[in-house]
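As structure tokens, the structure follows; a few thoughts come after it.
A, B, ... follow the sequence lines: proteins, then strands. Residue 1 opens every chain. None of the values given here were measured: they were computed from a predicted structure.
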Amino acid sequence: MTQNKILAYVGTPEDKEYLHRLKSLVGTAKVFVRLDEISTLVELELWAKERSITGIFLNQKHLLKKLVGVESRANPSLDSYQGSYLKRNGIEYVVLNPLEHLVKVNYAPFTFKRFLSKLLTPEKWNPTPEFHWKLYEPSNCEAIYERFKTAIVISIDIETTENPLRITCCSYTGVFSSATGALETYSYVIPIKDDYTWVWVDRFNQLPAPKIFQNGKYDISYFLHYGSSVHNYLFDTAHAFHAWLSELPKDLGFLGAFFVREAMYWKDLAKTGDMMDYYLYNAKDSWTTALVFLYWLLEVPEWAVQNYCDEFPLVFPCLLAEMTGIKQDQEIRAAAYAETEVKINDLTAEIQQSLGGRSFNPGSPKQCTTLFKILGVDVTSTDEKNILKYSLIHPLIEWYGTRILQIRKLRKENSTYLVEGKNYHGRILYALNPQGTDSSRLASSKHHFWCGLQIHNITTGPSVRRCFKADEGFYFGEADLEQAESRDTGYISGDENLILNVSGSKDFHSINASAFFGLSYNDLYDDVARRSKNKPIRNIAKRVNHGANYNMGANVLVDTMGIPALREAQKLLDLPKIWSPKTVAEYLLSRFNATYPKLKGQWYASIIQEVITTTMLVSRAYHHTDSPPLSEQEIRRRISIGGWTRYCFGRPDKNKSDLNSYVAHPPQSLNAQTLNKAWMRVFYEIAMNPQFSRNFRLLAQIHDSILFLYRRGHEYLATKVKECMEIPVTVLGADKVYRTFTVPAAIKLGAPPGAEFWHQTGD
DNA sequence: TGGCTCTGCGCC
DNA sequence: AAAGGGCGCAGAGCCA
């Protein structure tokens, strides 16, 4: 069938060197190619008709703009329209990204192939059902509501404005079984005009059918803001897709293009200023959400459904934590901001004076480059580690370097963390997104209400942390899984030395220092006093461990540790004086590899092997949370099925950054899974448990810790959190040995006075 | 002015 | 030749 079809690729001159990659994807189909600029659609159509071309893959931005419609004020980007389908004058168009993506983006060959098939093999696509929609009217709502009572599933999408914070309209798409047994859809949009329309929104939200959202925490936060909840939220397309192909984009525009042959990116419609367009756009969003979910169900492999079942429940504790937020003391914040500003101004004045009054912006990489070039530096980058490197050249460079870095730090503190207006009624909110990472870690961003902070990277310095205050009568508590990733690395790789060193009662970094450098452990650490006896050497071991964990090369270790630190290490360890910093770094890394010989050798090889033969990384771990306990046999059966599974588009055998990414994945992912299980337990056993909920507030998960508030006098709740987190795990190591271990959790409670502030985490 | 990319940097 | 993982946000600079 494809032989009869005549298609065309219309791109740009930049595509030329990648055309052979396109050819290998289209197979035997006849595809004309034009890379010169075509000024109008008429010209393009004429050219196409002369050659009986019926379908065009389009990568010319100005033509896309004409195709999308002149009424749109928006400037369409190819990326947001990738995979979109449009039809005009009998010619089908599919929008593609520049062919360069085939080389630069790991998943591009996969997505291109899928989008190309929209024209090459349309018969393989699910048919797109007809789109029907209606706008709310007082006269139609009752009847439509009655009909929606019979829906199989209902998808929901809302539109909002940021200022004021409100919902402008809500769209519901019901999926129904028709008389013939086929599925059909019907979409309904309710603009929020008054209390009466709001009542209808609330009634639709309470309908019995399971609900589908695209990133539902966003919509539900707004509903909650208005006092409406949603009944039976079970499905979410962002989580569903993430559970399958986590490395791919997850926005609704992309998902629509991915699953629905005739889908088009229509966000730009919302910008035309026409309210009917706006409502139509809202309707199409919920319609697409429904289709994406249904087609996902038809296509996904079993392991992705399993991933979904692990991931989706996390949404609820995340929502609770997001909507709780942390109180920010505005007086302390404003004072801290002013104090920092004075310091910034003083330092800036110093630099300016030295430059004869000329203005200079330390935040501008361009200006910093110019300055360092004038000072005679061969500048590659003006980031911190490079400035520290340049500073060794000459005291004058150091003079500027230290000031520039100081100013940048202070500016970051103010602009990101202390600036006014981030709070929502005095609280800092945030989003916790289980669909945000490839490893099943949560990602964090500012809150859906367009305010707040990313909660995972709050500066630990006192001026920022002191602004965060516990609610009246509460104290902060934080429980973290100790050395979790190193422990996980040991058990996953099966490196006995690492298992031994990380799971004993001794200080991990000191025992490493002892093993790396042949020193006596007793000279390095006092187990009784729990104190390091040689902090510099312990610190070297710590940084080497950190670097080696991420498969760092010697040069990068030089950059991260810095030349002075390496010189210091050279002296402390009595290494030959003629060694260069790079040689010292190489030596340090070699000591790590000699101590843990299975990591770089066997384990990395097994990861590469798994990815290139199966395109997946499967977690082989079982968390002991079932009650009653499972038999050993059943545990092994479950491990053989596998836990969190990541579909991999990278090539770890050919690309070091892909390899680094994939070797970092298993421990990071296993730790995340453990913490996620703990997160669920804390949610159900403490935060939502009527016995404790009054005295406990769940705040956040921060990579290896859980942050919470407990009411004064209820310290036992902190102990409960710790118990929830200490989950035994059975892991099948790369050496084919099953081992069971538990990562211990350590509680940090703010001791009064000061426990009402978010404590600075020490280390 | 808005949107985009790049740089730099905060945390684990 | 050389190659540090995972995130998100602010500012600079550039473009239309």
Residue-phosphate contact under 4.0 Å: [X] side-chain N/O, [N] OP1/OP2:
{"X": "A:Asn361", "N": "C:dA12", "value": "yes"}
{"X": "A:Arg408", "N": "B:dC9", "value": "yes"}
{"X": "A:Lys412", "N": "C:dG11", "value": "no"}
{"X": "A:Lys409", "N": "B:dC9", "value": "no"}
{"X": "A:Ser415", "N": "C:dC9", "value": "no"}
{"X": "A:Ser381", "N": "B:dT7", "value": "no"}
{"X": "A:Ser364", "N": "C:dG13", "value": "yes"}
{"X": "A:Asn555", "N": "C:dA3", "value": "yes"}
{"X": "A:Thr459", "N": "B:dC11", "value": "no"}
{"X": "A:Ser445", "N": "C:dC7", "value": "no"}

[X] [atom1] - [N] [atom2] separation (whole Å):
{"X": "A:Asn433", "N": "C:dG6", "atom1": "CG", "atom2": "C1'", "answer": "14 Å"}
{"X": "A:Leu78", "N": "B:dT5", "atom1": "CG", "atom2": "C1'", "answer": "16 Å"}
{"X": "A:Lys385", "N": "B:dT7", "atom1": "NZ", "atom2": "C1'", "answer": "12 Å"}
{"X": "A:Ile387", "N": "B:dG8", "atom1": "CD1", "atom2": "P", "answer": "8 Å"}
{"X": "A:Leu659", "N": "C:dA2", "atom1": "CG", "atom2": "C1'", "answer": "14 Å"}
{"X": "A:Lys65", "N": "C:dA16", "atom1": "NZ", "atom2": "P", "answer": "11 Å"}
{"X": "A:Asp438", "N": "C:dC7", "atom1": "CG", "atom2": "C1'", "answer": "11 Å"}
{"X": "A:His456", "N": "C:dG5", "atom1": "NE2", "atom2": "C1'", "answer": "16 Å"}

Within the structure shown, what part of the strands sits under 4.0 Å from [X] by heavy-atom distance: base, sugar-phosphate, or nothing?
{"X": "A:Thr560", "answer": "base"}
{"X": "A:Lys422", "answer": "sugar-phosphate"}
{"X": "A:Ser439", "answer": "nothing"}
{"X": "A:His665", "answer": "nothing"}
{"X": "A:Glu485", "answer": "nothing"}
{"X": "A:Gly553", "answer": "sugar-phosphate"}

Is it the case that the ring center of A:Phe757 lies less than 6.0 angstrom away from the ring center of A:Phe476?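 Here the rings of A:Phe757 and A:Phe476 have centres that are no less than 6.0 Å from each other.
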Measure from the side-chain heavy atoms of [X] and tell me the nearest of [options].
{"X": "A:Pro365", "options": "B:dT7, C:dG5, C:dC7", "answer": "B:dT7"}
{"X": "A:Thr382", "options": "B:dC12, B:dG8, C:dG5", "answer": "B:dG8"}
{"X": "A:Ala443", "options": "C:dG5, C:dG4, C:dC7", "answer": "C:dC7"}
{"X": "A:Tyr417", "options": "B:dG10, C:dA10, B:dC12", "answer": "B:dG10"}
{"X": "A:His703", "options": "B:dC11, C:dG4, C:dA10", "answer": "B:dC11"}
{"X": "A:Lys656", "options": "C:dG4, B:dC9, C:dC7", "answer": "C:dG4"}
{"X": "A:Val556", "options": "B:dG8, C:dG5, C:dA3", "answer": "C:dA3"}
{"X": "A:Ala664", "options": "B:dG8, C:dC7, C:dG5", "answer": "C:dG5"}

Between A:Tyr491 and A:Val729, does a side-chain contact (heavy atoms from CB on, under 4.5 Å) hold up when you go through it step by step? CA-CA 10 Å; A:Tyr491 287 93; A:Val729 184; over 6 Å; no
Donor + acceptor pair across side chains of A:Lys542, A:Asn512 (<3.5 Å): no
In terms of side-chain heavy atoms, does A:Ser486 have a donor or acceptor partner in A:Thr489 at a distance below 3.5 Å? no
Whether A:Trp450 and A:Tyr218 hold their rings parallel, tilted or perpendicular, with breakpoints at 30° and 60°: perpendicular
Select from A:Lys582 and A:Gly452 the residue whose nearest nucleotide in DNA chain C is closer to the 5' end of that strand.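 Mapping each residue to its closest nucleotide by heavy atoms, the 5'-most match is A:Lys582.
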Under-3.5 Å donor-acceptor pair between A:Asn457 side chain and B:dG10 base: yes
If stacking means aromatic ring centre less than 5.5 angstrom from the base's six-membered ring centre, planes under 30°, is A:Tyr550 stacked on C:dG4?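 The ring of A:Tyr550 is not stacked on C:dG4.
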Can you establish whether the number of heavy atoms outside A:Lys373 located under 6.0 Å from its atom NZ is more than 12?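 It does not: A:Lys373 NZ has 12 such atoms or fewer within range.
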Rounding to an integer number of angstrom, what distance separates C:dG4 and B:dC9 when you compare their C1' atoms? 15 Å
Taking only residues two or more places apart in sequence or in another chain, which ones pass side-chain hydrogen bond (donor to acceptor under 3.5 Å, both in side chains) with A:Ser381?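 Scan of A:Ser381 (side-chain hydrogen bond (donor to acceptor under 3.5 Å, both in side chains), adjacent residues dropped) gives A:Asp383.
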Between A:Arg487 and A:Glu482, is the closest basic N to carboxylate O distance under 4.0 Å?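 A:Arg487 and A:Glu482: not salt-bridged.
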